[in-house]
Amino acid sequence: MTSLPAALLLNQLAALHRTSLPSYLSYTRPWAAEGDDDAVNMLRQIAVDHQYVIDKVTTLLEADGLESHLGNFPMEYTSLHDLSIEYLVQRTLQYQEGFILRLENLVDALPDETVPREIAEEAWGLAKGHLKNLQDAAADLAAS
């Protein structure tokens, strides 16, 4: 059974992923030149991974009879339609650095409960991998 403090932090974890920039960008169509498909697909995969974390959290909470509250996208994201993939990768790279810090703080704040901690640490690990992918994509786009 998930404790109330852990459930509140898991809700924050799910909300961070649901309202993330990569999740929002999965609903947009960036401008991409021929050959930029890898960067577009990488951004979409980050959103898929974010949904994976959301699903894990909501499944756990629902199994314990608890509710999840996912929130809404920030209004500032509405200006990000039809922009170049190079700009969006750079913007997401900057976003990701702060995202990782928020996840690290969340992991540190979690009570010592195995399943919630495993979910949060997995999300944190995914985020660090996404940062590396974003750095590689930004370098590739700058070189082309």
Side-chain angles (χ1 to χ4, degrees), residues 1-32 36-143:
M1 182 76 176
T2 306
S3 70
L4 185 57
L8 292 171
L9 290 167
L10 286 175
N11 261 309
Q12 288 179 28
L13 177 70
L16 278 173
H17 284 79
R18 171 66 183 101
T19 62
S20 71
L21 179 57
S23 291
Y24 182 82
L25 292 176
S26 70
Y27 296 103
T28 67
R29 291 189 71 157
W31 180 87
D36 292 344
D37 292 342
D38 288 346
V40 173
N41 291 334
M42 183 264 313
L43 281 180
R44 300 238 186 272
Q45 184 58 50
I46 293 173
V48 168
D49 291 346
H50 283 206
Q51 187 60 50
Y52 165 78
V53 171
I54 295 164
D55 291 345
K56 284 190 88 162
V57 168
T58 56
T59 299
L60 176 64
L61 294 176
E62 288 172 6
D64 289 340
L66 302 167
E67 294 183 16
S68 57
H69 307 281
L70 299 178
N72 298 307
F73 292 115
M75 286 299 295
E76 68 190 59
Y77 291 174
T78 60
S79 65
L80 299 175
H81 290 267
D82 300 320
L83 297 174
S84 74
I85 190 64
E86 186 172 2
Y87 173 81
L88 292 174
V89 165
Q90 283 295 330
R91 177 89 182 251
T92 306
L93 177 58
Q94 294 166 356
Y95 172 88
Q96 192 69 16
E97 292 167 349
F99 186 76
I100 290 170
L101 289 175
R102 289 190 298 270
L103 292 179
E104 182 178 3
N105 291 334
L106 215 155
V107 168
D108 290 344
L110 269 170
D112 194 21
E113 295 178 40
T114 304
V115 175
R117 183 163 290 281
E118 286 173 352
I119 293 171
E121 288 177 350
E122 181 180 13
W124 187 28
L126 284 168
K128 290 187 269 185
H130 294 150
L131 179 63
K132 174 69 172 118
N133 292 341
L134 286 160
Q135 291 166 335
D136 292 346
D140 291 346
L141 290 166

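Keep in mind that the numbers below use all heavy atoms, side chains included, and drop hydrogens, waters and symmetry copies.
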Looking only at side chains, do Q51 and D55 share a donor and an acceptor under 3.5 Å apart? yes
I'd like to check the ring pair (Phe, Tyr, Trp, His ring centres under 6.0 Å) partners of Y95; sequence neighbours left out, ordered by chain and number. F99
Is the backbone N or O of H50 less than 3.5 Å from a side-chain atom of R18, with the two atoms forming a donor-acceptor pair by type? no
Of the non-hydrogen atoms in E97 and L131, which two are nearest, and what is the gap between them? CG-CD1, 3.9 Å
Counting only heavy atoms from other residues, nucleotides and ligands, does the tally under 6.0 Å from CG of N72 exceed 12? no
Shortest non-hydrogen separation from S68 to L61 and the atoms involved: CB-CD1, 4.0 Å
Please report the shortest heavy-atom distance between L141 and E86, naming the atom on each side. CD1-CA, 3.8 Å
Check: S3 main-chain N/O paired with E113 side-chain donor or acceptor under 3.5 Å: yes
Looking only at atom types and distance, does a side-chain atom of D37 sit under 3.5 Å from a main-chain N or O of A32, one as donor and one as acceptor? no
Using a 6.0 Å cut-off, check whether atom CD of E76 has over 12 heavy atoms from anything other than its own residue. yes
Write down the atom of T19, the atom of G71, and the distance for their closest heavy-atom approach. CG2-C, 3.8 Å
Going through the checks in order, is the side chain to side chain contact (heavy atoms under 4.5 Å, CB included) test met by L13 and L110? CA-CA 11 Å; L13 177 70; L110 269 170; over 6 Å; no
Please indicate whether R29 has more than 12 foreign heavy atoms, meaning atoms of other residues, nucleotides or ligands, lying under 6.0 Å from its CZ. no
Kindly compute the distance separating CG (L43) from OG (S23), expressed to the nearest 0.5 Å. 11.0 Å
